[in-house]
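Below you'll find the structure, written out as structure tokens, and then a few comments.
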Amino acid sequence: MNFASKGLAGFLVCVCCSQLLAKEAEKKDMAPYRELEIFARVLHYIDENYVDQVDSKELITGAVKGMLHTLDPHSAYMPPRMYKDFREDTSGQFGGVGIELGYQDKVLTVIAPIEDSPAFKAGVLAGDKIVKINGKITRQMSIPDAAVVLKGKPGSNVVLTIKRDSNPNFIDIKVKRSVIKISTVKSTLFHDDTGYIRINSFGELTAKDVAKAIDKLQEKKTIHGLVLDLRGNPGGLLDQGIRVANLFIDEGPIVYTISRDKSKKEVESALRGRRLTKLPLVVLVDGSSASASEIVAGALQDYGRGIIAGQRTFGKGSVQSVIPLSNDAGLKLTVARYYTPSGRSIQAKGIEPDVPLDYVDEKTLKAIREQNKTIREKDLEGHFENEAESSKSAPPVISAQTRIAAGLENDYMFLQARGILKTMSIVRDGKQKVPEFKLQEEKAK
């Protein structure tokens, strides 16, 4: 059978199928399926008349991708290789550059680089617009398509061409791929009174590691509160977000998911007996806090369990299901929206902080300190040194916790959060009232 006859055979099959579906559509009022006859005719015309020989499979795959691209940035067709990579990613490590992607203003955008990843070390920033990957324009790329291009053999390079708001020119950044291992939790005790826990993303062991950090910090009797840092956290595993929230909430709903039928909702709740602490809590968020981190922040805010400080979060409040297809490919489809315990939709709105804070550069922070500086004995010329201090020998080895704490000294948002902890009185002392769910409809766009 020659190419033309193959095309004709395929056309006849498509037309017959589309005509049958069209007749069925008339019975069931399934108008969209009537358009399949047009699709079949276009496919046949391309197959017969396009200037170069085409692969019908590629045409159909392209049509499916285009169809899903019209829905939302997170729905996508995953060809076999991409679907295989997706399943491998859930194991907790993969070869790549380490960035979470999204779409803003119809441009592929970095939501956040994973801390200590190759992209992070190369200088990629949250908010960077990726206009090219290895010279290939990203305008028509879906997020899964871009992820496939970014992945590769550890040690190989990929060049990102980005547009940054602070720079009028395009910037090329070369990133060397490596095996991305997600170390999601860091913690330290700051000045013996403030516990600090940072979650970079939600992986398989996140809740367990946060629980260990809380237990260790609570051993210090001088501690008066915790700062939970979710800034730059792009999300991750939903169940881990729920378990982290449960460490601070004794019982009650954590998140609702509602699909097309708004009369039906599913709820994920905190399990009684898993709360580990009643310490006052401040949660830091910013514009790169997304998905699971927004679920945690929204639940803690609804229960009055902690003060949310920082910037409005990203607003990724949709649920995706991944469906395996018969050709070893996968379909990633948005099937529901997330709602906080009180019924607030996260989608495209994000979580509004109770206390708005902005980033302050080191120069401005230094000026603030100088303005509020108090003269002490150690500032006087010719003062006596403390005997214990002056008799110290070589400096001790600096631990990871000490390095984290040193970085916090110049972190304006954290320092403000610490100040809030010292004065906060609105957080209930372990007494929680379960919010009443009341669905808040989204305004039509």
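In what follows, every heavy atom counts, from backbone to side chain, and hydrogens, waters and symmetry copies are set aside.
The line from CD1 of Ile404 to CD of Glu409 is 13.5 Å long, rounded to the nearest 0.5 Å. The CG atom of Leu415 sits 8.0 Å away from atom CG of Asn410, with the distance rounded to the nearest 0.5 Å. Note that OG1 of Thr161 and CG of Asp172 are 4.0 Å apart. Values are rounded to the nearest 0.5 Å. The CZ atom of Arg231 lies 5.0 Å from the CE atom of Met413; values are rounded to the nearest 0.5 Å. Rounded to the nearest 0.5 angstrom, Asp72 CG and Gln347 CD are separated by 7.5 Å. Residue His69 holds its NE2 atom at 11.5 Å from CE of Met141, rounded to the nearest 0.5 Å.
Salt-bridge check for Arg312 with Asp286: failed, with every basic side-chain N at 4.0 Å or more from each acidic carboxylate O. Using a 4.0 Å cut-off between a side-chain N of Lys or Arg and a carboxylate O of Asp or Glu, Asp302 and Arg344 qualify as a salt bridge. Between Lys65 and Asp145, at least one side-chain N (NZ, or NE/NH1/NH2) sits under 4.0 Å from a carboxylate O, which counts as a salt bridge. For Asp192 and Lys220, the salt-bridge test fails: no basic side-chain N is under 4.0 Å from an acidic carboxylate O.
Counted within 6.0 Å of NZ on Lys163, heavy atoms from surrounding residues, nucleotides or ligands total more than 12; the atom is thus considered enclosed. The neighbour count for Arg164 CZ, taken as heavy atoms of other residues, nucleotides or ligands under 6.0 Å away, is above 12. Heavy atoms from other residues, nucleotides or ligands lying under 6.0 Å from CZ of Phe170 number 12 at most. Residue-environment remark: CD (Glu352) exceeds the threshold of 12 foreign heavy atoms within 6.0 Å.
Each of Arg418, Arg198, Lys186 was scored for a salt bridge (Lys or Arg N to Asp or Glu O under 4.0 Å) with Asp229, with one residue passing: Arg198. Results of the side chain to side chain contact (heavy atoms under 4.5 Å, CB included) test with Leu226 over Val282, Val283, Leu281 single out Leu281 as the only residue that passes. Checked options Ile242, Leu238, Leu237; the residue passing with Gln240 is Leu237 (criterion: side chain to side chain contact (heavy atoms under 4.5 Å, CB included)). None of Ile162, Ile173, Val124 except one satisfies the side chain to side chain contact (heavy atoms under 4.5 Å, CB included) rule with Ile130; the exception is Ile162.
Taking the side-chain contact (heavy atoms from CB on, under 4.5 Å) definition, one finds that Ser259 meets it with Ala336, sequence neighbours left out. The side-chain contact (heavy atoms from CB on, under 4.5 Å) test applied to Pro73 returns Tyr103, Ile143, not counting sequence neighbours. The ring-ring contact (aromatic ring centres under 6.0 Å, His included) test applied to Phe190 returns Phe414, not counting sequence neighbours.
Not one N or O on the side chain of Ser178 forms a donor-acceptor pair closer than 3.5 Å with the backbone of Pro154. Panel note: side chain Ser156, backbone Gly152; no donor-acceptor pair is recorded below 3.5 Å. The main-chain N or O of Lys316 is found under 3.5 Å from a side-chain atom of Glu294 such that the two form a donor-acceptor pair. Judged by distance alone, with hydrogens and angles left aside, the side-chain atoms of Thr109 form a donor-acceptor pair with the main-chain N or O of Val107 at under 3.5 Å. Looking only at distances, no side-chain donor or acceptor of Glu58 sits under 3.5 Å from a matching main-chain atom of Asp55. For the pair Ser117 (side chain) and Pro113 (backbone), a donor-acceptor distance under 3.5 Å is absent. Distance alone, capped at 3.5 Å, is enough to place a donor-acceptor pair between the Ser288 side chain and the Ile111 backbone. Between the side chain of Asn233 and the main chain of Ala290, no donor-acceptor pair closer than 3.5 Å is present. Counting only distance, with no hydrogens or angles, the side chain of Gln301 and the backbone of Val296 share no donor-acceptor pair below 3.5 Å.
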Next item on the list: Go through Asn157 and Val175 one step at a time and tell me if the side chain to side chain contact (heavy atoms under 4.5 Å, CB included) criterion holds.
Entry: CA-CA 6 Å; Asn157 293 319; Val175 184; over 6 Å; no
Item checked: Working for side chain to side chain contact (heavy atoms under 4.5 Å, CB included), residues Leu230 and Thr313 -> CA-CA 10 Å; Leu230 300 178; Thr313 60; over 6 Å; no
Next item on the list: May I have the step-by-step check of side chain to side chain contact (heavy atoms under 4.5 Å, CB included) for Val285 and Gln311, ending in yes or no?
Entry: CA-CA 6 Å; Val285 295; Gln311 303 168 328; 6.0 Å; no
Margin query: Between Leu331 and Met78, is the side chain to side chain contact (heavy atoms under 4.5 Å, CB included) condition met? List the steps.
Written below: CA-CA 6 Å; Leu331 171 63; Met78 295 186 287; over 6 Å; no
Next item on the list: For Arg337 and Ser318, run side-chain hydrogen bond (donor to acceptor under 3.5 Å, both in side chains): C-alpha distance rounded to whole Å, both residues' side-chain angles, the deciding distance at 0.1 Å, then the answer.
Entry: CA-CA 4 Å; Arg337 286 182 172 87; Ser318 58; over 6 Å; no
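Taking both residues in full, the closest heavy atoms of Ala76 and Ser142 are given as CB-OG, 4.4 Å, listed atom of the first, atom of the second, then distance.
Looking only at atom types and distance, the side chain of Ser75 has a donor-acceptor partner in the side chain of Thr334 under 3.5 Å away. A donor atom on one side chain and an acceptor atom on the other are not found under 3.5 Å apart for Asp209 and Thr206.
For Phe437 and Tyr256, the ring centers sit closer than 6.0 Å to each other.
At a threshold of 4.5 Å between non-hydrogen side-chain atoms, the residues Glu268 and Tyr338 do not count as touching.
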